[in-house]
Amino acid sequence: MKAYTNNNKQDIQLLAILLFILVFIAGCASTKYIEDYQAIVKKVEIDSIDKAYEEAAYAYVQKDIKPIEGLGINVGIYNIFNTKNGKYKKNNIKPLGSPPPILDSTLVEISRSQIEKFLKSKGFFNAKVTSEIAVKNKKAKLKFTANTGKPFMVDKVTIEIPDEALRSLYLGAKPKFSRLSEGMQYDEDSLAYEREEIYTLMRRNGYYDFVRPYVRFWPDSNKNNNKVSVKLVVENPIDSTKRHTKYRIGRTDILIAPNTEGFTDSITFNRRTLNGIRFTDLSGKFRRNPITRYDFIKPGTTYNIDNETLTYDRLYELNIFKNVKIDYLKNKDTADVIDPVIMLIPQKRMSNRIEGEIPFNNATVGFTLSNTYTNNNFLKGGEKFQFQVKGGLQSRYNGVGNIFSDIYQRDFSVSASLTVPRLIVPFRIPIMGKNGIPYTTFSSSYLYALQKDITVRRVFINSITYDWVETKSKIHSFTPLNFEYRFGSVLIDTLTEQNVETVVNNFYNLLLLDRKNFTLGMKYAYSLNADKLLQNRSFIYFRGNIDIAGNLLQGISRLMGKKGGPESGRVLGLPFTQYVRPEIDLRWYKSLGAESQLVTRVNIGVGYAYGNSTAIPYEKLFYAGGSSGVRAWQARTLGPGNYNREVILTPEARAAAFGFDQLGQMRIEANLEHRFPLVRKFFGGKLNGATFLDAGNIWNIAPGNPQPQTYFKFDQLGNQIALGTGFGFRYDVQFFVFRFDVGLKLKDPQFVGDEQWVISKFFSGGKTFKANYLATHNPDRYRFVQYNFGIGMPF
């Protein structure tokens with residue numbers, strides 16, 4: 001099991017450096033693989049074009065003759081897999097990396113022509129573009145030179161809309177969206193935008209038959225004064241005497257196929273029509289109301305394409321139909337009425353998913369296995385029922401025996417939840433769903449956790465949660481009822497000297513584990529711009545949540561005459577917890593163009609006990625480190641404050657306390673990460689890179705902990721913050737992002753003074769430093785580098 005020893009760190013780093021050099025050299029040596037008459041395009045220059053149009057014009061240069069950006073790693077990978085006998089292969093091409101841009105005069109001419117057309121579309125009607133090709137040592141340089149002339153300006157806009165209803169509608173809405181005005185520079189993109197807005201406007205106001213070709217533009221230019229007049233025409237239907245028809249919605253048919261295969265030739269419709277909707281379920285597996293609730297094409301209303309789109313979105317969002325199709329039939333009796341037909345094909349109702357993972361960090365390894373049963377239509381109304389059983393273990397490996405010879409953690413959990421696609425409340429509320437389906441979730445779970453020779457934890461949780469969408473970017477989650485019953489016990493034999501020492505040095509957390517209590521409280525969470533997290537845009541993301549418990553019971557206890565004070569209030573003989581735990585996650589995403597992005601993040605959380613409690617529950621404590629925090633540290637091995645595990649005097653006690661002595665009631669983390677593309681074609685996906693800088697720690701703020709160095713002190717904040725840096729890879733296969741990060745410690749707050757800057761030891765004296773650390777911290781070993789695997793972005 002050498003993968004867990006430190007001897008291979010230098011080998012891994014050397015291998016990575018050699019691989020990078022090999023790929024880089026292969027990319028630079030592309031010219032030796034091409035024929036003597038060929039050349040590789042190294043530079044493309046666009047000259048004499050205004051800066052405002054230069055970038056857009058460059059986009060019209062054909063992709064196959066564009067120089068490779070960056071270090072050419074894509075080309076290097078392509079060269080490694082697609083060359084043979086000193087030449088590029090003609091067949092059996094591997095889809096890895098990108099081929100070099102080989103000069104092609106035909107593509108140069110196409111690029112020149114496209115750039116010229118682009119300039120004319122922007123009002124430079126007299127534009128002429130020429131191309132030049134310079135070749136030296138099989139390397140080509142392309143230059144496109146433009147003579148744009150003066151741009152043509154719009155001096156007159158005329159509107160011709162024979163249908164007075166359409167004309168009035170357009171003129172009333174025009175100031176809100178129009179980019180077409182006198183005095184502007186002629187721009188075909190503005191005309192296309194105007195056409196699209198007119199089309200949408202008409203389809204939102206009942207004109208079901210309106211199509212884009214009805215909108216036409218007739219530009220008329222005068223070459224002598226660089227002026228152009230534009231005539232906007234919105235034509236009537238082919239029969240010039242006929243006006244556009246404005247439609248109303250008639251009876252709606254909602255038809256559900258008998259099975260996942262779709263519809264048969266023979267369909268018998270339901271005879272009953274209720275509120276203008278005829279609901280026919282050929283499968284017999286759906287109730288009417290949960291489906292019609294998210295049909296926004298209401299009988300009697302004016303046709304609106306937005307209601308059609310909304311109905312599509314919500315019916316798909318129910319996650320019970322694999323296909324949704326909406327058609328309209330012209331009513332035979334009334335000329336201005338259309339009857340919607342919504343055809344739904346069910347998807348597979350039940351599924352069972354088995355998942356496993358193997359988490360390992362340096363000297364620890366383990367596995368987790370779970371089985372999840374899902375029923376997406378549990379009560380015939382789109383209710384999702386899930387039942388999950390999960391178990392796992394974690395082991396320490398010190399180079400002796402097999403990797404599972406020292407299992408220190410065992411976990412088992414069972415959970416069930418029922419999610420209903422509406423808000424179930426004891427009072428009437430307006431129908432929601434225009435921005436997203438609201439959900440009510442009933443959940444229950446049981447957790448059992450055994451830490452070897454330390455503690456057993458058992459937690460039973462029941463809750464009701466409401467989730468709703470205010471807008472696409474604003475999401476709320478409210479848990480009015482959260483009941484938690486926890487009972488644990490400490491397994492340490494406190495009669496032995498070494499275990500007495502463990503209890504003394506870790507009394508605070510052990511005290512939390514060795515008790516029975518329950519929590520009755522509520523939670524609220526709000527997130528902003530979560531819908532943009534996978535987009536390369538510039539925006540602010542915010543998520544805030546607060547967990548409050550015990551106030552209601554405390555109020556009842558006071559009314560019953562109970563005096564205040566810790567654990568003075570009891571229910572069924574057990575104390576209830578009383579605390580508040582707010583947490584915020586604030587991020588700034590800055591797009592740097594293409595696929596490059598800069599992300600900054602601040603995460604702050606505090607848990608504060610009061611009233612009937614002196615400490616928050618163990619499960620509510622914070623930890624630092626891990627793949628989404630300060631990545632140079634393994635999870636639960638950083639802090640709190642300046643805490644150093646050297647205070648635990650024996651190796652046995654130190655091993656026993658692993659994982660629960662480094663928790664705190666407060667956390668502050670900050671991250672800076674630059675994400676950028678590396679290889680656009682990499683084994684069916686894309687390989688992106690990241691560099692990062694992380695800072696943070698956890699602290700204690702509640703009294704009772706015997707280690708004063710674990711407490712938050714504002715004037716000592718600089719000495720208590722940990723710093724780490726590193727780089728990572730993100731393998732993007734569209735639906736999943738597999739992540740590998742390598743974190744390097746810069747500053748470690750467990751040490752004192754200049755000794756905190758452990759980066760100096762990494763470059764000089766690291767072997768002696770780690771030997772001294774092991775002598776005082778056995779079995780803990782100091783590791784400058786931390787490897788992290790994960791699925792999805794760290795934040």
Among Leu315, Thr309, Thr311, which residue meets the side-chain contact (heavy atoms from CB on, under 4.5 Å) test with Asp313?
->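 The residue from Leu315, Thr309, Thr311 that satisfies side-chain contact (heavy atoms from CB on, under 4.5 Å) with Asp313 turns out to be Thr309.
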Centroid-centroid distance, Phe286 to Phe321, less than 6.0 Å | yes
Starting at [atom1] of [X], measure out to [atom2] of [Y] and round the result to the nearest 0.5 Å.
| X | Y | atom1 | atom2 | answer |
| --- | --- | --- | --- | --- |
| Gln388 | Ser417 | CD | OG | 9.0 Å |
| Ile540 | Leu586 | CD1 | CG | 6.0 Å |
| Asn236 | Tyr214 | CG | OH | 8.5 Å |
| Arg272 | Arg278 | CZ | CZ | 13.5 Å |
| Leu282 | Leu255 | CG | CG | 5.0 Å |

If you count every heavy atom of other residues, nucleotides or ligands that lies below 6.0 Å from [X] atom [atom1], does the total exceed 12?
| X | atom1 | value |
| --- | --- | --- |
| Lys174 | NZ | yes |
| Lys472 | NZ | no |
| Glu55 | CD | no |
| Lys434 | NZ | no |
| Phe729 | CZ | no |

Taking 4.0 angstrom as the limit, do [X] and [Y] come out as a salt bridge?
| X | Y | result |
| --- | --- | --- |
| Arg730 | Glu673 | yes |
| Arg204 | Asp306 | yes |
| Glu383 | Arg287 | yes |
| Asp189 | Lys122 | yes |
| Glu194 | Arg179 | no |
| Asp209 | Lys330 | yes |

Are side-chain N/O atoms of [X] and [Y] paired as donor and acceptor at under 3.5 Å?
| X | Y | result |
| --- | --- | --- |
| Ser473 | Asp531 | yes |
| Thr465 | Thr441 | no |
| Glu308 | Tyr328 | yes |
| Thr471 | Asn435 | no |
| Thr302 | Lys246 | no |

For Arg601 and Asn671, indicate whether the former's side chain and the latter's backbone hold a donor-acceptor pair under 3.5 Å.
-> no
Backbone of Asn270 reached by a side-chain donor or acceptor of Thr280 within 3.5 Å |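 Side chain of Thr280 to backbone of Asn270, a donor-acceptor pair under 3.5 Å: yes, one is there.
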Criterion ring-ring contact (aromatic ring centres under 6.0 Å, His included) on Phe539 and Tyr589, from CA distance to verdict | CA-CA 5 Å; Phe539 62 95; Tyr589 290 79; 4.7 Å; yes
List the steps and the verdict of ring-ring contact (aromatic ring centres under 6.0 Å, His included) for Tyr186 and Phe217.
-> CA-CA 12 Å; Tyr186 180 85; Phe217 295 95; 9.2 Å; no
Knowing that exactly one of Phe296, Tyr208, Phe210 qualifies, which makes a ring-ring contact (aromatic ring centres under 6.0 Å, His included) with Tyr303?
-> Tyr208
Would you call the rings of His476 and Tyr526 parallel, tilted or perpendicular, where under 30° means parallel and over 60° means perpendicular?
->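 His476 and Tyr526: tilted rings.
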